[in-house]
Amino acid sequence: VQLQASGGGLVQAGDSLRLSCAASGRTFSSAIMGWFRQAPGKERQFVAAVNWNGGSTYYTDSVKGRFTISRDNAKNTVYLQMNSLKLEDTAVYYCAADSARANFHFTVVKSTLAYDYWGQGTQVTVSS
């Protein structure tokens, strides 16, 4: 699976942005997909994950109610809709694929170790 993230940019606090992650490879439709972010000087942090058919999702507490992860398996794409953006959302956002796991459990999918494929990252900068 190859992943290509896009959609980042410079926005003001309160604005919205939608990230996309286009995937290639036959295993996308069965893969757990996740979004992570990494701010300068900080570790990569879990943001959201979605199971293979989009029916189950997890979010980190700081984005609940503001961000929505979704996927379109017909387009091999996963999305992260980000609303009400805050300064602290500024980071490089990465999409990731877990192509081997069948079980969708929060304690597992929130870890970077669960994922075997990563996109290149897209910068999101929120200004005041």
Side-chain angles (χ1 to χ4, degrees):
V1 178
Q2 291 185 326
L3 305 174
Q4 180 74 37
S6 62
L10 172 63
V11 296
Q12 292 188 324
D15 284 351
S16 297
L17 208 56
R18 189 176 81 157
L19 306 183
S20 299
C21 177
S24 62
R26 293 177 294 175
T27 59
F28 171 82
S29 61
S30 62
I32 292 169
M33 299 298 298
W35 284 99
F36 288 75
R37 65 187 179 187
Q38 189 166 18
K42 296 188 176 181
E43 293 186 351
R44 195 165 295 189
Q45 175 192 33
F46 171 76
V47 176
V50 61
N51 75 331
W52 71 276
N53 66 358
S56 294
T57 57
Y58 291 120
Y59 299 92
T60 192
D61 286 345
S62 62
V63 308
K64 285 181 180 177
R66 300 189 298 122
F67 290 12
T68 302
I69 188 172
S70 62
R71 66 190 298 163
D72 185 339
N73 285 345
K75 295 182 178 180
N76 276 12
T77 303
V78 63
Y79 304 98
L80 185 68
Q81 177 67 44
M82 305 185 294
N83 299 329
S84 302
L85 283 161
K86 303 177 180 180
L87 297 180
E88 53 264 39
D89 295 320
T90 295
V92 177
Y93 283 70
Y94 298 89
C95 60
D98 175 358
S99 64
R101 200 177 315 277
N103 295 324
F104 187 67
H105 297 297
F106 177 68
T107 55
V108 175
V109 300
K110 69 176 183 176
S111 170
T112 58
L113 299 177
Y115 299 85
D116 46 356
Y117 297 98
W118 290 85
Q120 86 288 2
T122 184
Q123 175 72 47
V124 173
T125 303
V126 184
S127 64
S128 58

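When a residue number appears, it is its place in the shown sequence, counting from 1.
Annotation: side chain to side chain contact (heavy atoms under 4.5 Å, CB included) contacts of S29 (sequence neighbours excluded): N73. With sequence neighbours left out, S70 forms a side chain to side chain contact (heavy atoms under 4.5 Å, CB included) with Y79. Taking the side chain to side chain contact (heavy atoms under 4.5 Å, CB included) definition, one finds that S6 meets it with S20, sequence neighbours left out. Partners of V11 by side chain to side chain contact (heavy atoms under 4.5 Å, CB included), not counting sequence neighbours, listed by chain and number: D15, L17, L85, V126.
The pair D89-K86 fails the salt-bridge criterion, with no side-chain N (NZ, NE, NH1 or NH2) lying under 4.0 Å from an Asp/Glu carboxylate O.
Between the N51 side chain and the S56 main chain, a donor and an acceptor come within less than 3.5 Å of each other. With N103 contributing its side chain and H105 its backbone, the two residues share no donor-acceptor pair below 3.5 Å. Although no hydrogens or angles enter the test, the distance criterion places no donor-acceptor pair under 3.5 Å between the side chain of R71 and the main chain of T77.
The shortest distance between side-chain heavy atoms of F106 and F46 falls below 4.5 Å. Within the 4.5 Å cutoff, the side chain of V109 has heavy atoms near those of the F104 side chain. Between V124 and L19 there is a side-chain heavy-atom pair separated by less than 4.5 Å. Y94 has its side chain out of reach of T122: every pair of non-hydrogen atoms, C-beta onward, lies at least 4.5 Å apart. Here the side chains of M33 and L3 are in contact, with some heavy-atom distance below 4.5 Å.
Note on V78: it does not cluster hydrophobically with W52, by side-chain heavy-atom contacts below 4.5 Å among ILVMFWY residues. Residues M82 and F36 do not share a hydrophobic cluster, clusters being chains of Ile/Leu/Val/Met/Phe/Trp/Tyr side chains in contact below 4.5 Å. The same ILVMFWY cluster, assembled from side-chain heavy atoms under 4.5 Å apart, contains both V63 and L87.
Side chains of E88 and T90: no donor on one and acceptor on the other come within 3.5 Å. In the model, Q45 has a side-chain atom that pairs as donor or acceptor with a side-chain atom of R37 under 3.5 Å.
The list of disulfide (SG to SG under 2.5 Å) pairs with a residue in residues 98-128, not counting sequence neighbours, is empty. The stretch residues 112-121 participates, sequence neighbours left out, in these side-chain hydrogen bond (donor to acceptor under 3.5 Å, both in side chains) pairs: S99-D116.
Taking both residues in full, the closest heavy atoms of A5 and C95 are given as CB-SG, 4.1 Å, listed atom of the first, atom of the second, then distance. Here the closest heavy-atom approach between residue Q81 and residue S16 is recorded as NE2-CB, 3.9 Å.
The structure places CG of N53 at 11.5 Å from OG of S30, a figure rounded to the nearest 0.5 Å. Atom OG of S84 is separated from atom CZ of R66 by 7.0 Å, given to the nearest 0.5 angstrom.
Tested against V47, the residues Y58, W35, Y59 include a single side chain to side chain contact (heavy atoms under 4.5 Å, CB included) partner, W35.
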